[in-house]
Amino acid sequence: MAGLSIAQLLQVLLEHFGPQNWWPAETPFEVCVGAVLTQNTTWENASRAVGNLKKANLLTPEALSSTDEGELQNLIKPAGFFRQKARYLKELSRFVVREGGVEGLKAQPLKVLRPKLLNVKGIGPETADSILLYALDKPSFVVDKYTKRLLYRLGVLEGESVSYNRVKALVEGEIPPTEEHLKEYKELHALIVELCKRYCKTRPNCRECPLRELCYNQHNP
DNA sequence: AACCAGGAGAGAG
DNA sequence: CTCTCTCATGGT
């Protein structure tokens, strides 16, 4: 049944969609901000908020950390949860400044950086890994709702509520978190999102899905 | 008009 | 560690 390897999955997705070259952002810090703003929200909504911050010249750690929180709330409203996300962005930007900016973060090893990020209010496992992978070029695989849903429907996971760390360990067990696999981590997560946005949402569209023959429960999703 | 979207914190068991 | 509540805007 579950004879599907993660490497195979990546290969099939790459053949269908081609390299995605994520994350859609101009700077590493913009990736960090976007990672927070897209929490439990569509990228379309998060992107509007990012655009507002860009117009206001707030997409640097220094500018963001010294901005009035109330004004910040107004700018990021389209992303939803604007009160807590404004607080989270303040926490994050202060952290980045404190650590010597993006360069200061990049200089640190993954093993010490990940716990530090998880210690920041508003940065959970997915947001931390997104920042590590796409903003700081550290090989830390990103698990999200799509990843769990897809791996479940492919018969790799027992359910969709398997814990974050177990899914992460599963993938990183097959593709080790080393520098040489950085590109594969980036592409795999991006491709899973691309696939799921189109074919593997809560209500699936299996008929046009390129993976429909691999999906063990395609008739009762 | 419910339902959903690239989560995370806080509290309880 | 797992379960449940809350947080909010915008599209279908």
Side-chain angles (χ1 to χ4, degrees), chain A residues 9-10 13 17 19-25 28 30-53 69-95 114-136 140-154 157-171 185-205 209 211 221:
Chain A
L9 175 61
L10 174 57
L13 291 175
F17 296 108
Q20 301 297 297
N21 297 311
W22 252 23
W23 179 295
E30 186 177 333
V31 175
C32 300
V33 171
V36 168
L37 290 174
T38 197
Q39 288 171 1
N40 202 43
T41 311
T42 61
W43 175 251
E44 287 66 42
N45 286 346
S47 184
R48 291 184 186 118
V50 173
N52 289 342
L53 295 178
E69 194 165 320
E71 183 190 349
L72 190 51
Q73 288 181 6
N74 288 328
L75 291 169
I76 67 174
K77 251 175 197 168
F81 304 116
F82 58 87
R83 295 182 190 88
Q84 45 181 324
K85 282 179 180 176
R87 192 159 53 244
Y88 294 168
L89 287 179
K90 298 290 283 185
E91 297 277 350
L92 174 60
S93 56
R94 288 193 200 102
F95 169 75
R114 192 169 191 273
K116 278 190 188 176
L117 278 169
L118 290 174
N119 216 27
V120 178
K121 289 303 179 194
I123 311 292
E126 182 185 342
T127 308
D129 288 330
S130 296
I131 290 171
L132 287 165
L133 185 60
Y134 294 106
L136 306 177
S140 195
F141 186 71
V142 179
V143 176
D144 64 350
K145 193 185 297 180
Y146 283 156
T147 308
K148 293 182 182 181
R149 183 182 297 155
L150 177 63
L151 292 183
Y152 168 61
R153 291 178 182 176
L154 286 172
L157 295 179
E158 311 81 357
E160 293 187 45
S161 57
V162 179
S163 76
Y164 188 96
N165 287 331
R166 286 181 58 186
V167 180
K168 181 179 174 68
L170 170 69
V171 174
Y185 277 13
K186 289 186 178 182
E187 286 301 332
L188 180 56
H189 175 66
L191 286 162
I192 287 174
V193 172
E194 182 61 24
L195 175 90
C196 288
K197 272 184 170 176
R198 303 189 188 195
Y199 309 113
C200 207
K201 302 182 84 79
T202 299
R203 176 173 160 171
N205 178 11
C209 179
L211 300 183

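We name chains A, B, ... by the order of the sequence lines, and we start the count at 1 in each one.
- For the P atom pair drawn from C/dC5 and B/dC4, the interatomic distance equals 16 Å after rounding to whole Å.
- Within the 4.0 angstrom heavy-atom criterion, base atoms lie near A/K197.
- Taking atom CG of A/L92 as the reference point, atom C1' of B/dG7 lies 15 Å away to the nearest angstrom.
- Residues A/P28 and A/L136 form no side-chain contact, since every pair of their non-hydrogen atoms from C-beta on lies 4.5 Å or further apart.
- Among A/R166, A/H189, A/K168, the one residue that satisfies the side-chain contact (heavy atoms from CB on, under 4.5 Å) test with A/V143 is A/K168.
- Neither OP1 nor OP2 of B/dC4 sits under 4.0 Å from any side-chain N or O of A/K201.
- Nucleotide B/dG7 holds its P atom 14 Å from the CD1 atom of A/I131, rounded to whole Å.
- The ring-ring contact (aromatic ring centres under 6.0 Å, His included) search around A/W23 returns A/W43, A/Y134, not counting sequence neighbours.
- Judged by distance alone, with hydrogens and angles left aside, the side-chain atoms of A/T38 form no donor-acceptor pair with the main-chain N or O of A/A35 at under 3.5 Å.
- At whole-Å resolution of the value, NZ in A/K85 and P in B/dG9 are 13 Å apart.
- Comparing A/I123 and A/P24, the nucleotide of DNA chain B nearest to each residue sits closer to the 5' end for A/P24.
- In terms of modelled atom types and a separation under 3.5 Å, the side chain of A/K85 and the main chain of A/Q39 share a donor-acceptor contact.
- Between chain A and DNA chain C, the heavy-atom contact criterion of under 4.0 Å yields a 5' to 3' nucleotide range of C/dT2 to C/dG11.
- Proximity of A/W22 to A/K186: side-chain heavy atoms (C-beta onward) are nowhere separated by under 4.5 Å.
- Atoms CG (A/L117) and P (B/dG7) sit 18 Å apart, rounded to a whole Å.
- Considering only side-chain N and O atoms, A/T202 lies under 4.0 angstrom from the phosphate OP1 or OP2 of B/dA5.
- Between A/E194 and A/R198, at least one side-chain N (NZ, or NE/NH1/NH2) sits under 4.0 Å from a carboxylate O, which counts as a salt bridge.
- Along DNA chain B, the nucleotide nearest A/V120 and the nucleotide nearest A/N45 are compared for position; the residue whose nucleotide lies closer to the 5' end is A/N45.
- A/W43 places its CH2 atom 15 Å from the C1' atom of B/dG7, with the value rounded to the nearest Å.
- Rounded to whole angstrom, the span from the CZ atom of A/R203 across to the P atom of B/dC3 amounts to 14 Å.
- A/R149 comes within 4.0 angstrom of sugar-phosphate atoms only, judged by non-hydrogen atoms across all strands, and of no base.
- Residue-level contact check: A/D144 touches the backbone only, with heavy atoms under 4.0 Å from sugar-phosphate atoms and none from bases.
- Residue-level contact check: A/S161 touches neither bases nor backbone, having no heavy atom under 4.0 Å from any strand.
- When the P atom of B/dC4 is taken as reference, atom CZ of A/F81 falls 14 Å away, rounded to whole Å.
- Between A/C32 and the options A/L92, A/L89, A/L117, a side-chain contact (heavy atoms from CB on, under 4.5 Å) holds for only A/L92.
- Residue A/T127 places at least one side-chain N or O closer than 4.0 Å to OP1 or OP2 of B/dA8.
- Straight-line distance from the CD atom of A/E194 to the C1' atom of B/dA5: 16 Å, rounded to whole Å.
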